[in-house]
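Some notes on the structure that comes next.
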Amino acid sequence: MKRVSGKITVSPDKSVSHRALMISSIARGKTIVKNFLRSDDCLSTMACLRKLGVVIKDEGDRIIVDGRGPKLAAPTETLYAGNSGTTVRLLSGILAAQNFKTKITGDGSLSARPMKRIERPLKMMGASVRTSDGKLPMEITGGNLKNIDYASEIASAQVKSCVLLAGLYADGKTTFREPMRSRDHTERMLSNFGAKITSSSDGPGFWVSVDGPAVIESPGTLEVPGDISSAAFFMVAAAILPGSRITILNVGVNPTRTGIIAILRRMGARVEISNRRESGGEPSADITVEHSDLIGIAIGADEIPLLIDELPIIAVAASQAVGATRVTGAEELRVKETDRIKSVVGELLKMGARIEELKDGFVVEGPTKLKGAAVASGGDHRMAMSLAVARLAADGETRVINSECASVSFPEFYGLLNKITAN
Ligand code: S3P
């Protein structure tokens with residue numbers, strides 16, 4: 001078995017990077033974005049915004065967005081969102097208020113993902129939205145929007161952000177309700193740009209409102225923290241590999257994203273948070289994780305939104321923990337970049353893990369000595385990186401087919417992992 005050690009920084013936050021580009025594009029004034037994530041997904045957002053007439057300069061250590069204010073320019077060609085659900089779903093909220101027609105497509109994986117969840121509220125607000133039975137390609141013809149009070153059946157930051165961005169253009173208060181609070185980067189950033197946001201988590205569920213119509217103003221500079229979803233692969237590697245200790249500097253620790261810390265601690269991992277600070281409304285800190293013996297735990301529906309993207313790597317951690325780890329209430333995993341319940345169960349079984357599929361999650365019985373195998377990412381970046389960590393805990397050779405898709409969120413992943421891994 002290998003071990004990992006050292007002090008690292010991981011890639012900038014994907015969710016915050018997308019939002020930084022989109023929100024500065026529709027604000028008045030120039031925004032300097034520091035520590036922007038240049039991954040395939042965020043570059044898809046950048047390319048779409050440029051086609052909508054936004055001038056975005058990439059100066060290496062910073063991105064400069066020349067905000068156009070609320071109105072974008074009609075694109076002369078179809079927008080391509082690549083593999084990125086965040087690009088399509090958030091941008092749709094803005095496009096719903098533009099008085100022109102836009103067509104958006106994506107790659108094979110994105111074209112299989114559900115878009116009804118944004119089609120429904122945007123139509124209620126008065127936009128004309130056409131999909132192929134709830135899937136891409138999608139055509140949006142925007143217009144004057146009316147405010148809505150929308151209760152979503154699922155907790156989803158993408159749907160919430162879509163509605164809030166459209167709400168900036170509507171007359172009056174637009175409210176989004178969800179059963180549990182999903183990540184709140186959009187609300188935080190819109191507040192930072194001067195929009196009037198109110199929210200509450202009293203009572204069952206959570207709601208957030210934006211007052212429209214609003215013309216937002218650039219705060220000047222935005223600094224993106226490191227991505228806790230990218231840090232999670234290194235946190236789990238350190239937790240499961242004997243002799244490991246790593247510190248990850250400047251990681252975003254927004255409380256709507258830190259489920260992975262709570263879960264690892266509950267499993268018995270040693271996780272220390274230090275040097276807490278805040279920038280542009282987002283908290284960040286350094287995270288140190290050391291190896292220790294882990295135990296299996298139950299993870300239920302109320303925690304899922306706080307760690308939705310981390311469930312594949314949590315399955316890897318669970319394979320090394322004593323006892324059963326049971327994840328339920330996670331049916332949303334079935335509509336991610338792959339059906340992540342099927343992918344994680346199928347691929348970890350090939351490596352000898354004792355893992356069983358549930359309709360809304362999985363059960364892992366540990367610990368098992370993983371063994372080398374040929375496994376496949378299925379083109380899913382988080383599966384590729386989870387399998388790369390499982391490989392370190394396995395005896396023999398593991399080959400991950402289609403591993404290069406890690407570049408969707410974390411282009412430097414393999415270089416960094418190699419650098420901190422020792423025998
Ligand atoms: C994201 C929200 C989540 C998450 C995705 C990024 C975002 O999706 O899984 O990776 O940036 O808003 P859902 O809103 O579909 O839960």
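In this text, all values refer to a predicted model and were calculated from it rather than measured experimentally. Just so you know, ligand 1 is whichever comes first in the structure, and atom 1 is the first atom listed for that ligand.
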task = Could you tell me whether the side chain of Arg113 and the main chain of Val335 form a donor-acceptor pair under 3.5 Å?
result = yes
query = Between the main-chain N or O of Lys146 and the side-chain N or O of Asp171, is there a donor-acceptor pair closer than 3.5 Å?
reply = no
request  = Report yes or no: does Glu178 contribute a side-chain atom to a donor-acceptor pair with the main-chain N or O of Ser156 at less than 3.5 Å?
outcome  = yes
key: Set of side-chain contact (heavy atoms from CB on, under 4.5 Å) partners for Lys71, sequence neighbours left out   = Gln98
Under 3.5 Å: donor-acceptor pair, side chain of Asp286, backbone of Asn250 = yes
ask   = Between the side chain of Ser182 and the main-chain N/O of Ala157, is any donor-acceptor distance below 3.5 Å?
value = yes
task = Sort out the contact shell of ligand 1: every protein residue with a heavy-atom distance below 4.0 Å, listed by chain and number.
result = Ser15, Arg19, Thr86, Ser156, Ala157, Gln158, Arg183, Ile308, Asp309, Lys336
